[in-house]
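One structure below.
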Amino acid sequence: MGEVEGKEVTVSPSDLVKLDAEVWFSTYGVIKDKTGKLIQPAPNILQKRMFEYYRECQAKKAPCKMVVLKPRQKGASTCSQALVYHHFCKYGGLSGSLMGDIQGTSDKVYEIYRRFAESDEFPWYGTGQGSVDPDRNLADGIHLRNDSRYGKETAGSKNAGRSGTVQVGNMTETAFWVNSGHTDPALAYLQSLYDESEVSLCICDSTPNGPSGWFYNTCIAAMEEKNDWKFIFAAWFEFDDSVIPFASDEERDEFVASMDDDERSEVDKYGCTPEQMRWRRRTLRDKCDGDADKFRQEYPSDPLECFLKSSRPRFNATALSALAVREGRKGNVTFADPDNRTAQHIPDPRGNTIIWQEPRFGMSYLVGVDTCTGEDQQVNGISADPDFHSVQVWRQGYFDDEGVWHKHMLVALHHSRIDVAYLSEEVAALAKYYGGALIVPEVNNSGLAVVKYLLDFGCTVYQRRRVSDVSQQMERFYGWNTDRNTRKTVIDHLAKEILDENLDIPSEAVVRELQTFVVNKKGKPEAAAGFHDDHVLAAAISVFNISSASSMRKPKRKAVNPMRVKNDPTYLCPDGWSRNARRVNTIV
């Protein structure tokens with residue numbers, strides 16, 4: 001039943017099959033199961049998400065473009081071919097092509113489409129007629145009776161993606177496509193795709209292959225909704241077949257007791273059951289040669305982690321996953337009086353500063369500052385995706401009265417792209433809010449401008465020693481200078497502190513940057529493509545210098561000279577009367 005302009009409309013089962021690809025798949029689709037038997041499929045969680053998005057696009061009469069990050073042997077290619085076949089049957093006269101990374105991939109996936117087409121018993125064109133045109137059913141091209149045609153290509157071929165305009169396409173194992181000279185086969189393929197109406201369908205599905213290339217960049221942009229592709233993903237533990245049951249409760253208990261730290265981390269993070277973890281252990285042993293990183297790449301739990309596992313993360317992934325990320329109070333920290341003697345935190349859901357722990361007397365604090373490149377960060381506009389300012393307030397670790405060690409903690413974070421003049425005022429206010437904390441600004445880029453502003457505010461700014469280019473003498477200079485040596489030093493120190501689990505980092509944004517900070521092919525640690533490293537460098541500089549943190553002390557009361565009250569008529573109480581000189585105190 002449906003409704004059109006307030007009137008109920010009856011949709012027959014036959015019409016529903018024509019309209020909905022998932023209905024056709026579940027009733028007329030034929031696939032081979034893992035034992036080689038021909039069966040009628042039931043869509044899994046990943047396939048349901050693919051069908052659902054296609055359904056949304058068709059309802060909107062909009063082109064459908066989805067990029068699917070797929071685990072091994074979970075039916076993404078099967079669903080792609082089902083969608084392509086149903087789309088061809090629904091719209092006649094369309095052209096489409098399948099392109100794989102190698103000939104073997106194209107052949108294997110193409111046979112899934114052929115099985116759908118040749119086994120389909122739904123009467124698309126009348127009783128007794130199959131959907132395939134028998135006179136044009138070729139090894140490398142299948143024509144349907146409605147004149148829709150589907151061929152196959154290989155990304156490595158000389159003329160890949162240059163076979164003319166297509167309205168339907170499937171790019172499979174795109175992460176493994178190899179560029180030929182200056183030609184990216186993914187871009188060449190997309191240039192031949194018509195993607196401007198509801199007849200347009202393009203599915204890109206692949207397992208991950210490192211944090212670079214068209215597939216990686218497209219996935220990252222789609223996750224953040226920065227392009228017109230829909231990102232679709234399902235973790236390994238979401239599939240019903242990712243379980244191995246136990247024969248008894250005793251066997252289950254023995255398995256739970258045998259789990260190692262890596263397995264327990266997976267349970268803690270994702271809530272996996274022992275039955276799921278038993279499947280994971282067997283798959284890890286039999287199909288990944290016992291390599292947990294390979295498992296995370298081939299059968300991902302997290303859509304970002306699987307890309308990075310094929311690279312070299314700089315910071316220990318297990319230690320990062322153990323960090324307790326939590327929400328803080330968002331707002332802005334500003335000076336509370338015209339003389340900038342006190343500061344205050346003003347709650348604001350749109351503010352640039354998050355506070356996880358308020359300042360405490362007796363604690364020691366330090367403010368690390370990593371600024372955007374250049375004093376004006378918006379020269380190229382937001383579309384250029386420039387770096388952000390990262391201002392981090394760290395509390396130095398300490399032993400409490402019972403001898404318990406409390407880790408170094410990130411207690412506040414400012415993240416923005418505001419002009420450095422306004423940034424400097426907020427940094428100064430943050431330092432004042434945390435008891436006049438020492439500020440360690442990086443001076444490689446716009447940091448020199450920040451230092452000047454901070455000194456004008458009377459802040460305590462970190463000083464380094466180096467030989468002056470002018471006097472050739474050892475002199476002091478304001479700010480932290482990051483060069484090749486100091487960059488390696490602070491990053492290595494941060495890596496050790498993370499590995500030793502000596503840091504409390506509650507910020508999800510900071511942890512995510514630490515997770516996406518990798519070692520490139522030349523051995524240099526840097527942010528993975530499409531990500532930033534401003535939080536990483538601010539944290540590295542702060543943690544390296546944490547021993548210089550300033551202690552926040554309670555205000556002292558200093559007795560005022562009684563003669564000042566006697567001789568200075570302007571020294572009055574708020575109500576205009578002079579205090580008794582012996583009782584007058586002031587806070588300094």
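Quantities reported herein were computed from a predicted structural model and do not represent experimental measurements.
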**Message:** Could you tell me if the side chain of Cys202 sits less than 4.5 Å from the side chain of Trp229, heavy atoms only?
**Reply:** yes

**Presence of salt bridge, Asp135 and Arg145, under 4.0 angstrom** = no

**Pi-cation contact, Tyr299 with Arg280 (under 6.0 Å, within 45°)** = no

**Prompt:** Does a donor on one side chain sit under 3.5 Å from an acceptor on the other, for Tyr189 and Ser97?
**Reply:** yes

**Asked** Is there a donor in the side chain of Asp120 and an acceptor in the side chain of Tyr85, or the other way round, less than 3.5 Å apart?
**Response** yes

**Message:** Under a 3.5 Å cutoff, is there a donor and acceptor pairing between the side chains of Arg281 and Ser258?
**Reply:** yes

**Request:** Could you tell me whether Arg314 sits above the aromatic face of Phe517, with NZ or CZ closer than 6.0 angstrom to the six-membered ring centre and within 45 degrees of the axis?
**Result:** no

**Message:** Does Asp33 have more than 12 heavy atoms from other residues, nucleotides or ligands lying within 6.0 Å of its CG?
**Reply:** yes

**Request:** Using a strict cut-off of less than 4.0 Å between a Lys/Arg side-chain nitrogen and an Asp/Glu carboxylate oxygen, indicate whether Lys496 and Asp500 qualify as a salt bridge.
**Result:** yes

**Item:** Under 3.5 Å side-chain donor-acceptor pair for His87 and Tyr54
**Value:** yes

**Prompt:** Are Ser301 and Glu266 linked by a side-chain donor-acceptor pair shorter than 3.5 Å?
**Reply:** yes

**Asked** Looking at Asp289 and Lys294, does any basic side-chain N land under 4.0 Å from a carboxylate oxygen?
**Response** no

**Asked** Do we see a donor-acceptor contact under 3.5 Å between the side chains of Gln58 and Lys90?
**Response** yes

**Test ring-ring contact (aromatic ring centres under 6.0 Å, His included) applied to Phe25 and His86, step by step** = CA-CA 8 Å; Phe25 180 73; His86 187 275; over 10 Å; no

**Complete:** When every non-hydrogen atom of Phe116 is compared with those of Thr78, the smallest separation belongs to CE1-O, 3.5 Å

**Request:** Can you see which heavy atom on Ser131 is nearest to which on Trp124, and at what distance?
**Result:** CB-CD1, 4.2 Å

Please table the atom pairs, donor to acceptor, closer than 3.5 Å between any side-chain atom in residues 59-67 and protein atoms at least two apart or in another chain.
{"residue": "Lys65", "atom": "NZ", "partner": "Asp195", "partner atom": "OD2", "Å": "3.1"}
{"residue": "Lys65", "atom": "NZ", "partner": "Asp228", "partner atom": "OD1", "Å": "3.3"}
{"residue": "Lys65", "atom": "NZ", "partner": "Asp228", "partner atom": "OD2", "Å": "3.3"}

**Prompt:** Is it the case that Gln103 and Asp107 place a side-chain donor and acceptor less than 3.5 Å from each other?
**Reply:** yes

**Prompt:** Between Ser95 and Arg149, is any side-chain donor less than 3.5 angstrom from a side-chain acceptor?
**Reply:** yes

**Request:** Determine the minimum heavy-atom distance between Gln40 and Thr27, stating which atoms define it.
**Result:** NE2-O, 2.7 Å

**Prompt:** When you check the side-chain N and O atoms of Asp504 and Trp356, is any donor under 3.5 Å from an acceptor?
**Reply:** no

**Message:** Regarding Lys488 and Asp492, does a basic nitrogen lie under 4.0 Å from an acidic carboxylate oxygen?
**Reply:** yes

**Asked** Is there a donor-acceptor contact under 3.5 Å linking the side chains of Ser390 and His535?
**Response** yes

**Request:** Output all residues satisfying side chain to side chain donor-acceptor pair (under 3.5 Å) with Lys108, sequence neighbours left out; order by chain, then residue number.
**Result:** none

**Prompt:** Which atom pair, heavy atoms only, marks the closest approach of Leu503 to Leu494?
**Reply:** CD1-CD1, 3.7 Å

**Request:** Could you tell me whether Glu52 and Lys230 make a salt bridge, using a distance below 4.0 angstrom between a side-chain N and a carboxylate O?
**Result:** no

**Request:** State whether a side-chain donor-acceptor pair under 3.5 Å links Glu153 with Ser106.
**Result:** no

**Prompt:** Does the side chain of Tyr113 pick up a donor-acceptor pair with the side chain of Ser80 at under 3.5 Å?
**Reply:** no

**Prompt:** Can Asn44 and Asp240 be counted as having a side-chain donor-acceptor contact under 3.5 angstrom?
**Reply:** no

